[in-house]
Protein chains: 2
Amino acid sequence: MSRWQPDARGRLERAALELFARQGFAETTVPEITAEAGLTTRTFFRHFADKREVLFAAEAGLPPFIAQLMAEAPAELGPYDTLTHSLETVAATRFDGLLDYLIARRAVIRSDAGLRERELRKQEVLAEAIEQGFLDRGVDEVTSALVGRMAAVVFNVSLDRWLDLGGSRTLLDLMQEHLALTRVTFAATPPAHSS
Amino acid sequence: MSRWQPDARGRLERAALELFARQGFAETTVPEITAEAGLTTRTFFRHFADKREVLFAAEAGLPPFIAQLMAEAPAELGPYDTLTHSLETVAATRFDGLLDYLIARRAVIRSDAGLRERELRKQEVLAEAIEQGFLDRGVDEVTSALVGRMAAVVFNVSLDRWLDLGGSRTLLDLMQEHLALTRVTFAATPPAHSS
DNA sequence: TAGGTGATGACATCGGATGTCATGAGGTGT
DNA sequence: ACACCTCATGACATCCGATGTCATCACCTA
């Protein structure tokens with residue numbers, strides 16, 4: 001038999017989310033989490049850089065996944081079509097069965113300003129991955145920066161609304177709607193300053 | 001004569017930026033900052049909620065200012081024109097003489113992940129102010145959320161590039177360029193999914 | 001069976017953050 | 001002129017998040 005129980009990391013993640021949801025993030029100490037998981041405080045910080053990170057480590061794979069999709073997209077696609085292609089693949093393949101977990105997690109994150117900051121940083125990492133994807137496709141720097149961040153906005157607003165609607169519409173459907181809505185808002189009026 | 005030296009807050013802000021720039025954010029303790037400013041640790045935390053906040057308190061007035069501009073914009077303007085009108089006023093009136101300060105501050109923020117997170121939260125507050133401005137003008141919720149965040153993206157990318165270029169182009173000019181570029185990228189290609 | 005590897009435990013310490021009470025200058029009212 | 005209030009700050013105590021260091025011991029490999 002093993003010296004320790006298996007999946008220390010997963011046990012810490014589950015114990016943390018449960019305690020945060022029950023008694024609040026600030027009101028939960030790391031020793032409480034580790035006691036619940038049968039580990040020590042020091043071990044918690046070996047798995048997660050800080051107390052917040054335990055809520056975000058699970059989704060670390062998303063930025064590289066999007067980067068891979070963008071790299072594999074047909075070379076002839078422009079920035080907008082590369083974006084729709086990649087975002088729609090993500091929406092259609094990576095969020096099955098996570099609705100309840102994500103709703104519980106969002107409630108905890110919304111209850112604490114520090115967690116909200118960490119979430120924004122994770123969203124920025126996603127935006128940077130998309131930006132790098134554009135750069136690798138030869139898109140100029142300014143367009144890459146702008147469209148990378150815009151893509152992250154569409155993704156995050158869609159995910160948020162998907163949770164709001166409790167899954168009654170698909171994430172893919174919402175993302176397509178929001179991409180189209182963005183296009184209409186920015187394109188409907190003639191430019192005020194033409195050169 | 002006053003019991004204490006005047007402008008405790010300003011003295012703390014200046015001492016903090018100077019120490020952070022000279023020896024790093026993590027390597028600077030709050031007692032060091034307060035010693036430099038001739039105050040105590042407890043007083044620091046009376047003025048700023050935490051050590052990071054001392055770098056951001058100065059720009060707290062921006063979101064309400066944008067909200068005011070949006071409220072005062074002609075009622076017949078659509079979302080896009082309201083946005084350009086307000087952003088361009090901000091760009092043209094609120095950043096004179098701040099270039100060197102903002103460059104020094106950005107260097108400190110970039111050196112520390114925690115400061116980057118705090119900056120992102122401040123940018124989100126700006127996005128939320130813009131979103132609320134749209135809601136108050138009767139724009140629907142989804143469009144308000146999307147365009148509010150898009151506006152913050154354009155603003156932040158422009159500000160960042162203004163600092164990169166050392167002020168050789170005006171912030172106003174850059175913002176107009178980036179608005180136009182966004183419009184072209186999203187509008188140039190026909191929608192992949194038309195209804 | 002001997003030694004290496006790697007995850008964990010145990011202990012110590014630093015500093016960020018907060019609660020509480022004391023202090024004393026400036027303002028206010030009578 | 002006197003008493004009182006207000007409020008920014010000082011002084012002190014404490015909690016806990018975060019990190020460095022060394023010991024421990026199952027598992028793997030040769």
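Chain letters run A, B, ... following the sequence lines, proteins first, then strands; residues in each count from 1.
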> If you measure only the distance, is there a donor-acceptor pair under 3.5 Å linking the side chains of B:Q68 and B:E72?
Replying inline: yes
> Checking all strands, does B:T28 fall into the base, sugar-phosphate, or nothing category for heavy-atom contacts under 4.0 angstrom?
Replying inline: sugar-phosphate
> C:dA7 P sits how many Å from A:D7 CG, rounded?
Replying inline: 14 Å
>> Counting distance alone, no hydrogens or angles: does the base of C:dG6 have a donor or acceptor under 3.5 Å from a partner atom on the side chain of A:R46?
In response: no
>> I need the CZ-P distance between B:F44 and C:dG16, as an integer number of Å.
In response: 9 Å
> In whole angstroms, how far is the P atom of D:dC25 from the CD atom of A:Q5?
Replying inline: 18 Å
> Mind checking whether B:F155 and B:F95 have parallel, tilted or perpendicular rings, split at 30° and 60°?
Replying inline: tilted
> Within the pair A:T29 and D:dC16, is there a side-chain N or O less than 4.0 Å away from OP1 or OP2?
Replying inline: no
>> For A:F44, does the six-membered ring have the charged nitrogen or CZ of A:R9 within the cation-pi criterion, i.e. under 6.0 angstrom from the centroid and within 45° of the normal?
In response: no
> Side chains of A:Q23 and A:T28: donor-acceptor distance under 3.5 Å anywhere?
Replying inline: yes
>> Could you tell me how far apart B:I33 (CD1) and C:dG15 (P) are, to the nearest whole angstrom?
In response: 13 Å
> Just to confirm, is there a sub-4.0 Å distance from OP1 or OP2 of C:dG9 to any side-chain nitrogen or oxygen of A:T40?
Replying inline: yes
> Expressed in angstrom and rounded to an integer, what is the separation of B:R52 atom CZ from D:dG17 atom P?
Replying inline: 14 Å
> Taking CZ from A:F45 and P from C:dA7, how many angstroms apart are they, rounded to a whole number?
Replying inline: 18 Å
> When the distance from NE2 of B:H47 to P of D:dT9 is rounded to whole Å, what number comes out?
Replying inline: 4 Å
> Nearest-Å distance, NZ (A:K51) to C1' (C:dA17)?
Replying inline: 13 Å
>> Counting distance alone, no hydrogens or angles: does the base of D:dT24 have a donor or acceptor under 3.5 Å from a partner atom on the side chain of A:R3?
In response: yes
>> Quiz question: going by heavy-atom distance under 3.5 Å, is there a donor-acceptor pair between the base of C:dG19 and the side chain of B:R42?
In response: yes
> Is B:E141 atom CD crowded by more than 12 heavy atoms from other residues, nucleotides or ligands, each under 6.0 Å away?
Replying inline: no
